[in-house]
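Below is one structure, written out as structure tokens; the observations come after it.
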Amino acid sequence: MAEKARISDLKNYLGSQVQLDGWLYQSRSSGKVQFLIVRDGSGLCQCVVEKGRLSEELYEALEHLGQESSLSVIGTVRAEPRSPGGCELLVEEAQIHQAARDYPITPKEHGIDFLLQNRHLHLRSRRPWCIGRIRHTVVDAIRRFFNDQGFTLVDTPIFTTIAGEGEQTLFEVDYFGQPLHLTQTGQLYLEAAAMSFGRVYCFGPTFRAEKSKTRRHLTEFWMVEPEAAYIDLDGLLELAEGLVVSVVQRVLTDNRAELETLGADIGSLEKVRPPFVRLTYSQAAEILTSQVTQDFMTRQLASFEEERRSLREELGSLEQEEKRGGQKKWQQEKNARRIAELRSELEELEVKIQNNPKHAQLAASFRWGKDLGGSDETILSLMHDKPVFVTHYPREAKAFYMKTDRSDGRVVENFDLLAPAGFGEIIGGSMREDDYDRLLQRIQEEGYNPQNYWWYLDLRKYGSVPHGGFGLGVERTVAWITGERHIRQCIAFPRLMDKVYL
RNA sequence: UCCCCGAUAGCUCAAUCGGUAGAGCGAGCGGCUGUUAACCGCUAGGUCGCAGGUUCGAGCCCUGCUCGGGGAGCCA
């Protein structure tokens, strides 16, 4: 019996016979030799089947085996630079568990709707697999970071009785006749737990009925939320900074191959080192309305237009070539692929070019007191190649539980963290109002019923202390790190505002 | 909720002025001993999203609907 091995460990088995259990990812045949690309969940391996080395019957069967058939192959491992993982298997024996036929996802391009409808199968493809592996690292790094810093995990409830964010984004559930809602944040419960353990965090799914159909929104997403007693805003920023740095570093060391496969911007990830940029909201507002921003936007527009010119040029010459004809088939095909690519790139650029003046206008007309818009955040993060903290937002724009700055009553002690390169917000957090009277007043100002918040208010009566925390969105973090443009690809089974596939 | 774009073979797309529906991939069969989204040959595969209208004639024009993509607001 050959020893079973995982493809990721094959380097350690050079020269010996092993058994791989997996699925047929792809195959090519060339008469008397076949190349089966087998995946086993840990990686891809090229398996070489030579005629005469196994029974005629089995050779035939393997030659006609469909994509994603399940099989075990036994053979000798040898180094081979032409194979995906650097090793290949010279097949001596094989067992077909189930012969698949007409697997819907082919090795060519597919539309996103088709892929999401086939998400149960799509998960096996290379891109989702790489993203899934990175997500795993991100989650593990987050847990390790907080555990190492002496935080205690507290699992907060998913059925909740009070709202932490806007009440209009709640999903209501009928809980044996009592209306409850799905959690939007574990924060309020976490504040209670922080008064017991000092430093706590929760990590779980979050539900928001936001009517936002964008590449940055899911109605069900995963969020980690730390909450600490006896901390101040600077301490919170440091905590967030440390978390993001350690997560990015872990991915860089554990998933470099996946990042490369995905085409992620590794150079920019390597710049994610402390200290991050720190701006107050007022400073951000000043920057947005300054000439600096207008110049920045003008330069950006010019570079977009330059890019458009060169893309159009390439597209034009390819299209002419296509019309002239007379090329080899593979060349035609390659051109057609490139043309499709260019067209979608151009389309995207066109949107950016269209939006640029609008965004410049929005930035210029920014008035103190407004919340930062998506385009404003994009501009601020594009101006820096490191993550950017924005702190001290106007009170009116923010949630009731945020602590009013004692030295400037117009603002609260909060912060957002913007990921670089225009990705936008990945963390939002704040110091919490710890004064009973001020908190009660804020609850009333929001028009909420204080009776619903009786226990939350209680926390300010029995040993209230300065405390705060933040929430980090897992899918947004994964999307930023992997360079995936839409966060629906950063969770196995996404729930979107207007569509739930499986 | 608003704005823009789209829907043609299993998939990704093409079809000039309104005039007989096309390609690649995938599938099936055959060929090739080192392939890299292999290559070569053959075969099958269509209610042009749905409903109505204009026209001698509609994939193409008009109206409505359905579904999808992108953007805005809001947010992690």
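Just so we're clear, the structure is a prediction, and the values are computed from it rather than from any experiment. Naming: A, B, ... by sequence-line order, numbering from 1 per chain.
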Is the distance from OP1 or OP2 of [N] to the nearest side-chain N or O of [X] less than 4.0 Å?
X        : N     : answer
A/Lys499 : B/G68 : yes
A/Arg216 : B/C74 : no
A/His359 : B/G73 : no
A/Arg215 : B/A76 : no
A/Gln26  : B/A38 : yes
A/Arg28  : B/U35 : no
A/Arg488 : B/G70 : yes

For [X], report the nucleic acid contact type (base, sugar-phosphate, nothing); a contact means any heavy atom under 4.0 Å.
X        : value
A/Ser375 : nothing
A/Gly66  : nothing
A/Leu218 : base
A/Asp371 : sugar-phosphate

Is a donor-acceptor contact shorter than 3.5 angstrom present between the side chain of [X] and the base of [N]?
X        : N     : value
A/Ser29  : B/C32 : yes
A/Arg485 : B/G71 : no
A/Gln117 : B/G68 : no
A/His217 : B/C75 : yes

Listed nucleotide nearest any side-chain atom of [X], set [options]:
X        : options             : value
A/Ile427 : B/A76, B/A38, B/G70 : B/A76
A/Thr106 : B/G26, B/C11, B/G30 : B/G26
A/Arg82  : B/U36, B/G70, B/C75 : B/U36
A/Asp113 : B/G68, B/A76, B/U33 : B/G68
A/Lys213 : B/G69, B/G34, B/A27 : B/G69

If I pick the [atom1] atom on [M] and the same atom on [N], what distance separates them, to the nearest angstrom?
N     : M     : atom1 : result
B/C2  : B/C74 : C1'   : 14 Å
B/G59 : B/U8  : C1'   : 7 Å
B/U12 : B/G64 : P     : 28 Å
B/A72 : B/A14 : P     : 25 Å
B/G68 : B/C50 : C1'   : 15 Å
B/A9  : B/A27 : C1'   : 12 Å
B/G69 : B/C11 : P     : 16 Å
B/A44 : B/G10 : C1'   : 13 Å

### Query
Within 45 degrees of the axis of the six-membered ring of A/Phe423 and under 6.0 Å from its centre: does A/Arg216 put its NZ or CZ there?
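Checked: cation-pi criterion met.
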
### Query
Between atom NZ in A/Lys352 and atom C1' in B/G71, what is the gap in whole Å?
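It works out to 13 Å between those atoms.
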
### Rounded distance in Å - NZ (A/Lys51) to P (B/G31)
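Nearest whole value for this atom pair: 8 Å.
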
### Task
Tell me, yes or no, whether the heavy-atom count around A/Arg127 atom CZ, taken from other residues, nucleotides or ligands under 6.0 Å, exceeds 12.
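More than 12 heavy atoms, drawn from other residues, nucleotides or ligands, come within 6.0 Å of this atom.
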
Between [X] and [Y], do the side chains contain an N or O donor and an N or O acceptor separated by less than 3.5 Å?
X        : Y        : answer
A/Thr185 : A/Glu225 : yes
A/Gln46  : A/Glu80  : no
A/Tyr393 : A/Asp416 : yes
A/Ser365 : A/Arg367 : no

### Query
Angle class for the A/Tyr201/A/Phe151 ring planes (parallel below 30°, perpendicular above 60°, tilted otherwise)?
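Ring orientation, 0 to 90° scale: perpendicular.
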
### Query
Judged by atom type as modelled, is there a donor-acceptor pair below 3.5 Å linking the side chain of A/Thr477 to the main-chain atoms of A/Gly473?
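Looks like yes, one N/O pair under 3.5 Å.
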
### Query
When you match A/Gln67 and A/Gln46 each to their closest nucleotide on RNA chain B, which lands nearer the 5' end?
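Going by which nucleotide is closer to the 5' end, it is A/Gln67.
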
### Message
Assuming nearest nucleotide by heavy-atom distance, tell me which of A/Glu80 and A/Tyr103 is located more 5' along RNA chain B.
### Response
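Here A/Tyr103 is the residue nearer the 5' end.
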
#### Entry: Test side-chain contact (heavy atoms from CB on, under 4.5 Å) applied to A/Val49 and A/Val91, A/Leu89, A/Val33, the passing residue
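Of the listed residues A/Val91, A/Leu89, A/Val33, the side-chain contact (heavy atoms from CB on, under 4.5 Å) partner of A/Val49 is A/Val91.
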
### Message
Under the criterion of centre distance below 5.5 Å and interplanar angle below 30°, is A/Phe221 classified as stacked on the base of B/A76?
### Response
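Here A/Phe221 meets both the 5.5 Å and the 30° conditions.
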
#### Entry: Stem list, RNA chain B (Watson-Crick or G-U pairing under 3.5 Å, at least 3 consecutive pairs)
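Runs of three or more consecutive pairs: B:1-7 with B:66-72, B:10-13 with B:22-25, B:27-31 with B:39-43, B:49-53 with B:61-65.
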
